[in-house]
Amino acid sequence: RKKRMEKDEYKIFKASVPLRKILLQGGSNVESWSYYDYGGLSVKDQGRKGGRGAEVKKQQILVCIPGVSGTADLFWKQVRDLSSRGYRVIATSIPPIFSVHEFISAFEQLIDTLEVEKVSVFGLQMGGYLAQCFAQDRPNRIQSLILCNSYCDPTTYNQSSKLSKAIQFMPAFILRNIIYSNFPQGATPKEITQSIDFMVDQIEHLSHAELTSRITLSCLPQYLHLQNNQRPFPSHLVTIIRVCDGTAIPDELLDQLEALYKKRENEDLEGAKIALIKHGGNFPNLSNSEEVNMHIQIHLRGVASREEESKVG
């Protein structure tokens, strides 16, 4: 009954919130972005609601970036629930892009087109890694980061780098099997099984170009500058969400990410907030959305509060 109810809720979401598509010129390629953009108030709407001369509270904008297997639909529960709390939520798929540099350029063009100056990013798995890369190169465009089941060094995670040159020649069913190999085998709790079933359906609809680009991105060399304990982004503006029941990301990499953003000696600013979730699997934003959304809201409220204090100070 619960599975049927969730399917009905997803159908209602799809009928209520349009999936938008936009073509953007990225270098020599035209990239097609698919995304949801829902909630919040436009500048015009804020002025109308507050009235002339009224002080208008700046809206917070959350952009959700998926991992290798995700699409914009992966974040439908975040779009639905967080938009009802007053946040503008933009959930996007990753178009066929084959380098981190290309992603950074294309993502900046996307938020420029959406007339967004600065965003908080919720990145899942590889999406969290790409978010850190963007934050490193475009720190003035990022307000904060929420990294879920993510990592900061793909070279130790990637097991397919030797296949990277051959990926483009592989048929779609083999590429899908490469992705499925990271899904848990055997029995899993009902909620996690439902989240995997949902993702399998999404993956089956990915084009060969999308599959190729996702796996290629996961096979690329390290992009982040982590020498001499450098961080891609200030740790006090980072929340790390980590599940405790096993994911496709090895514990070694999850520990490495936490170590990168933890508070260090002689630092005045605090380290990243660590949010541990008991159950969730690879896609806790689907299987345990209430808890994930709670941590996202706590993070965004903290960022807003910090900004207000800086204005007063």
Side-chain angles (χ1 to χ4, degrees), residues 14 17-38 61-76 78-79 88-116 119-138 141-142 145 148 150 154 158 160 164-165 167-176 178-179 182 198-221 223 283 285:
K14 294 285 286 182
V17 183
L19 178 65
R20 306 173 188 270
K21 295 191 177 183
I22 187 171
L23 294 176
L24 297 175
Q25 184 70 38
S28 59
N29 300 318
V30 176
E31 292 146 356
S32 177
W33 289 85
S34 299
Y35 65 96
Y36 295 102
D37 184 356
Y38 198 66
I61 303 170
L62 178 72
V63 178
C64 303
I65 303 177
V68 173
S69 56
T71 64
D73 289 67
L74 167 63
F75 302 107
W76 73 272
Q78 282 66 57
V79 176
R88 179 182 174 187
V89 185
I90 301 169
T92 181
S93 296
I94 300 175
I97 285 174
F98 294 87
S99 73
V100 174
H101 179 76
E102 187 182 355
F103 171 82
I104 291 170
S105 176
F107 185 70
E108 184 171 37
Q109 190 176 4
L110 174 66
I111 60 178
D112 281 343
T113 303
L114 297 177
E115 299 182 345
V116 175
V119 298
S120 291
V121 176
F122 175 75
L124 180 68
Q125 298 172 356
M126 186 182 74
Y129 173 72
L130 293 174
Q132 292 173 85
C133 295
F134 184 84
Q136 172 187 267
D137 286 12
R138 305 287 193 274
R141 306 303 302 271
I142 295 294
L145 294 176
C148 183
S150 192
N158 167 38
S160 306
S164 58
K165 294 182 179 179
I167 286 172
Q168 59 181 318
F169 303 109
M170 295 180 180
F173 79 90
I174 291 182
L175 297 176
R176 291 190 178 96
I178 291 175
I179 296 175
N182 290 313
F198 181 91
M199 293 310 304
V200 167
D201 182 67
Q202 296 294 307
I203 293 167
E204 290 297 317
H205 289 86
L206 292 178
S207 67
H208 185 272
E210 288 173 315
L211 291 165
T212 304
S213 69
R214 306 288 185 85
I215 297 174
T216 299
L217 283 173
S218 72
C219 295
L220 295 175
Y223 185 88
F283 311 106
N285 59 301

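Note that the numbering runs from 1 along the sequence shown for the chain. As a basis for the values below, the full set of heavy atoms in this structure was taken, side chains included, without hydrogen atoms, waters or symmetry mates.
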Residues Gln202 and Thr71: side-chain donor-acceptor under 3.5 angstrom: yes

Residues forming a side-chain hydrogen bond (donor to acceptor under 3.5 Å, both in side chains) with Ser34, sequence neighbours excluded: none

Ion pair Asp37/Arg88, N-O distance below 4.0 Å: yes

Rounded distance [0.5 Å steps], CG in Leu211 versus CD1 in Ile174: 12.0 Å

Lys21, NZ: over 12 other non-hydrogen atoms inside 6.0 angstrom: no

Side chain Ser93, main chain Ala72, donor-acceptor under 3.5 Å: yes

Atom pair CD1 (Ile203) and CG (Leu175), whose distance is rounded to the nearest 0.5 Å: 11.5 Å

Closest approach of Asn285 to Leu74 (non-hydrogen atoms, all atoms of both residues): ND2-O, 3.0 Å

Side chain Arg176, main chain Leu206, donor-acceptor under 3.5 Å: yes

side-chain contact (heavy atoms from CB on, under 4.5 Å) between Tyr35 and Phe75, worked out: CA-CA 10 Å; Tyr35 65 96; Phe75 302 107; over 6 Å; no

Chi angles and distances behind the side-chain contact (heavy atoms from CB on, under 4.5 Å) call for Ile61, Leu114: CA-CA 11 Å; Ile61 303 170; Leu114 297 177; over 6 Å; no

Atom pair OH/CD of Tyr36 and Gln78 - distance to nearest 0.5 Å: 12.5 Å

Distance (rounded to the nearest 0.5 Å) between Phe98 CZ and Ile215 CD1: 10.5 Å

Flag, side chain of Ser150 to backbone of Leu124, donor-acceptor distance under 3.5 Å: no

Donor-acceptor side-chain pairing of Glu102 and Ser105 below 3.5 angstrom: no

Interatomic distance, Ile97 atom CD1 to Glu210 atom CD [nearest 0.5 angstrom]: 11.0 Å

Point-to-point distance, once rounded to the nearest 0.5 Å, from CH2 of Trp76 to SG of Cys64: 14.0 Å

Under the side-chain hydrogen bond (donor to acceptor under 3.5 Å, both in side chains) test, residues paired with Glu204 that sit two or more places apart: Tyr180

Stepwise side-chain contact (heavy atoms from CB on, under 4.5 Å) test for Met126 and Leu130: CA-CA 6 Å; Met126 186 182 74; Leu130 293 174; 4.2 Å; yes

For Phe134, the option from Val63, Ile111, Ile65 that meets side chain to side chain contact (heavy atoms under 4.5 Å, CB included): Ile111

Arg214 (side chain) donor-acceptor with Gly70 (main chain) under 3.5 angstrom: yes

Under 3.5 Å: donor-acceptor pair, side chain of His101, backbone of Tyr223: no

Met199 side chain reached by Ile179 side chain, heavy atoms, under 4.5 Å: no

Minimum side-chain heavy-atom gap Pro154-Tyr129 below 4.5 Å: yes

Non-hydrogen atoms of Ser213 and Pro96 that approach each other most closely: OG-CA, 3.4 Å

